[in-house]
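Below: one structure, written as structure tokens.
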Amino acid sequence: VSDIMWSASGCPVSTAQPCLCGTLLDTYGTHQLVCPRLCSRLARHSMCNDVIRETFRSAKIPATLEPVGLLRHDGRRPDGVSTVPMERGRSVAWDFTCVNRLATSHLSLGTQEGPTVANQAETRKREHYKDLPVNIIFEPVAVETLGGIGQGSWAFLKRLARRVQEETGDKRAFAFLRQRISVAIQRGNASCVVEPLS
């Protein structure tokens with residue numbers, strides 16, 4: 001069982017001490033999962049984007065991370081984009097986010113069943129990248145630290161895994177993709193909890 005699962009069940013996973021940002025850490029690891037000063041959050045983000053890019057490669061669809069020049073006016077860029085058309089003659093860009101449903105800002109949604117916080121994050125991402133060029137399909141990939149996956153993200157990952165299955169014949173492609181993302185999230189969560197203590 002991962003550290004964050006212990007945290008969710010009410011068992012302490014940390015000690016109360018000052019964080020790098022000056023906030024007092026809580027013993028359940030909640031602050032560590034959202035603190036912008038912790039490098040482990042970036043590592044979790046990178047691990048998940050690597051999983052998605054490798055899945056594109058397995059589907060024989062070239063993709064690049066951190067593409068430059070898609071939005072010329074302000075430098076915003078999604079996490080990745082296929083360099084050849086993937087669906088309906090258009091390339092697919094994705095942007096990954098991992099949200100913590102235990103964060104104070106999400107408590108009202110976090111008490112509801114289902115991936116409500118991830119669904120809200122998908123909506124924010126779509127709004128943020130609504131001005132991408134029309135020849136690019138944008139797909140947010142929103143997951144929650146406790147394991148929930150947004151509905152749109154789920155559908156996109158299934159379509160991507162189906163392309164892998166078409167290329168490789170492996171009917172377990174979606175199960176493997178889901179497992180790899182889950183492992184990356186759990187490893188990232190554990191790193192976030194441990195980092196301020198090291």
Side-chain angles (χ1 to χ4, degrees), residues 1-8 29 32-34 38-67 77-82 86-87 91-103 106 109-110 113-126 128-129 137-168 170-195:
V1 179
S2 68
D3 288 344
I4 187 58
M5 293 306 291
W6 283 109
S7 172
Q32 291 94 307
L33 296 177
V34 297
L38 297 182
C39 298
S40 298
R41 288 178 67 236
L42 298 176
R44 178 179 63 196
H45 189 90
S46 296
M47 284 189 289
C48 290
N49 275 317
D50 287 342
V51 168
I52 295 169
R53 182 179 60 172
E54 289 303 317
T55 305
F56 268 89
R57 286 183 178 171
S58 296
K60 301 293 190 289
I61 302 170
T64 184
L65 294 178
E66 300 290 337
R77 54 188 179 186
D79 287 330
V81 66
S82 64
M86 177 182 166
E87 295 180 345
S91 293
V92 172
W94 78 89
D95 200 70
F96 176 84
T97 186
C98 183
V99 289
N100 182 12
R101 68 183 297 126
L102 302 178
H106 297 141
L109 277 178
E113 290 186 16
T116 51
V117 177
N119 290 336
Q120 183 187 63
E122 286 181 351
T123 301
R124 285 197 308 267
K125 286 288 183 185
R126 289 190 189 282
H128 188 67
Y129 288 106
I137 299 170
F138 177 71
E139 295 288 354
V141 180
V143 299
E144 298 176 358
T145 53
L146 299 181
I149 301 177
Q151 292 176 344
S153 306
W154 191 262
F156 167 62
L157 295 176
K158 274 190 171 180
R159 295 199 313 273
L160 183 56
R162 194 177 304 121
R163 294 291 295 268
V164 174
Q165 182 178 334
E166 290 170 0
E167 285 293 331
T168 65
D170 191 347
K171 296 180 179 179
R172 301 168 297 173
F174 180 60
F176 289 152
L177 173 57
R178 196 175 64 214
Q179 288 171 3
R180 291 181 67 200
I181 289 179
S182 295
V183 168
I185 294 294
Q186 289 185 25
R187 289 177 63 192
N189 289 347
S191 296
C192 287
V193 172
V194 170
E195 181 181 341

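Quantities reported herein were computed from a predicted structural model and do not represent experimental measurements.
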- Query: Donor-acceptor pair, Asn119 side chain versus Gln151 backbone, under 3.5 Å?
  - Reply: yes

### Query
Just wondering, more than 12 heavy atoms not from Arg172 lying within 6.0 Å of its CZ?
no

So SG of Cys98 and CG of Asn189: to nearest 0.5 Å the spacing works out to 6.0 Å

Shortest non-hydrogen pair, Ser153 vs Pro140, comes out as OG-O, 3.2 Å

To the nearest 0.5 Å, atom OG1 of Thr116 lies from atom CD of Gln120 at 8.0 Å

Partner of His45 under side-chain hydrogen bond (donor to acceptor under 3.5 Å, both in side chains), picked from Asp79, Thr97, Asp50, is Asp79

(Q) Under a 4.0 Å threshold between the charged nitrogen and the carboxylate oxygen, would Glu139 count as salt-bridged to Arg126? (A) yes

Is the Phe138 ring parallel, tilted or perpendicular to the Tyr129 ring (thresholds 30°, 60°)? tilted

**Item:** Check: Met86 main-chain N/O paired with Arg163 side-chain donor or acceptor under 3.5 Å
**Value:** yes

| query | Does CD in Glu166 sit with more than 12 non-hydrogen atoms of other residues, nucleotides or ligands closer than 6.0 Å? | reply | yes

Output field: ring centroids Phe174/Trp154 closer than 6.0 Å: yes

Rounding to 0.5 Å, atoms OG (Ser58) and CG (Leu160) come to a distance of 8.5 Å

* Side chains of Ser82 and Val92 in contact at under 4.5 Å (non-hydrogen atoms) -> yes

> If you draw a 6.0 Å radius around CZ in Arg187, do more than 12 non-hydrogen atoms from other residues or ligands fall strictly inside?
Replying inline: no

To the nearest 0.5 Å, atom CD of Gln186 lies from atom OG1 of Thr145 at 11.0 Å

- Kindly indicate whether the side chain of Gln165, heavy atoms from C-beta on, has any atom under 4.5 Å from the side chain of Asp170. no

Shortest non-hydrogen pair, Ile181 vs Cys48, comes out as O-SG, 4.3 Å

Just by distance, do the side chain of Glu122 and the backbone of Gly152 share a donor-acceptor pair under 3.5 Å?
-> yes

Is any side-chain heavy atom of Val143 less than 4.5 Å from a side-chain heavy atom of Phe96? yes

For Ala118 and Ala142, the nearest pair of non-hydrogen atoms, with its separation, is O-CB, 3.4 Å

#### Entry: Evaluation steps, side-chain contact (heavy atoms from CB on, under 4.5 Å), between Leu177 and Val164
CA-CA 10 Å; Leu177 173 57; Val164 174; over 6 Å; no

dist Trp94:CH2 -> Asn49:CG (nearest 0.5 Å) comes out at 6.5 Å

In this structure, CD1 of Ile185 is separated from CD1 of Ile149 (nearest 0.5 Å) by 8.5 Å

In short, Arg77 meets Asp95 closest at the heavy-atom pair O-OD1, 4.1 Å

Would Arg159 and Glu87 pass as an ion pair if we require N to O under 4.0 Å? yes

Shortest non-hydrogen pair, Ala184 vs Arg44, comes out as O-CG, 4.2 Å

Heavy-atom nearest pair, Ala161 first then Ala173, reads O-CB, 3.5 Å

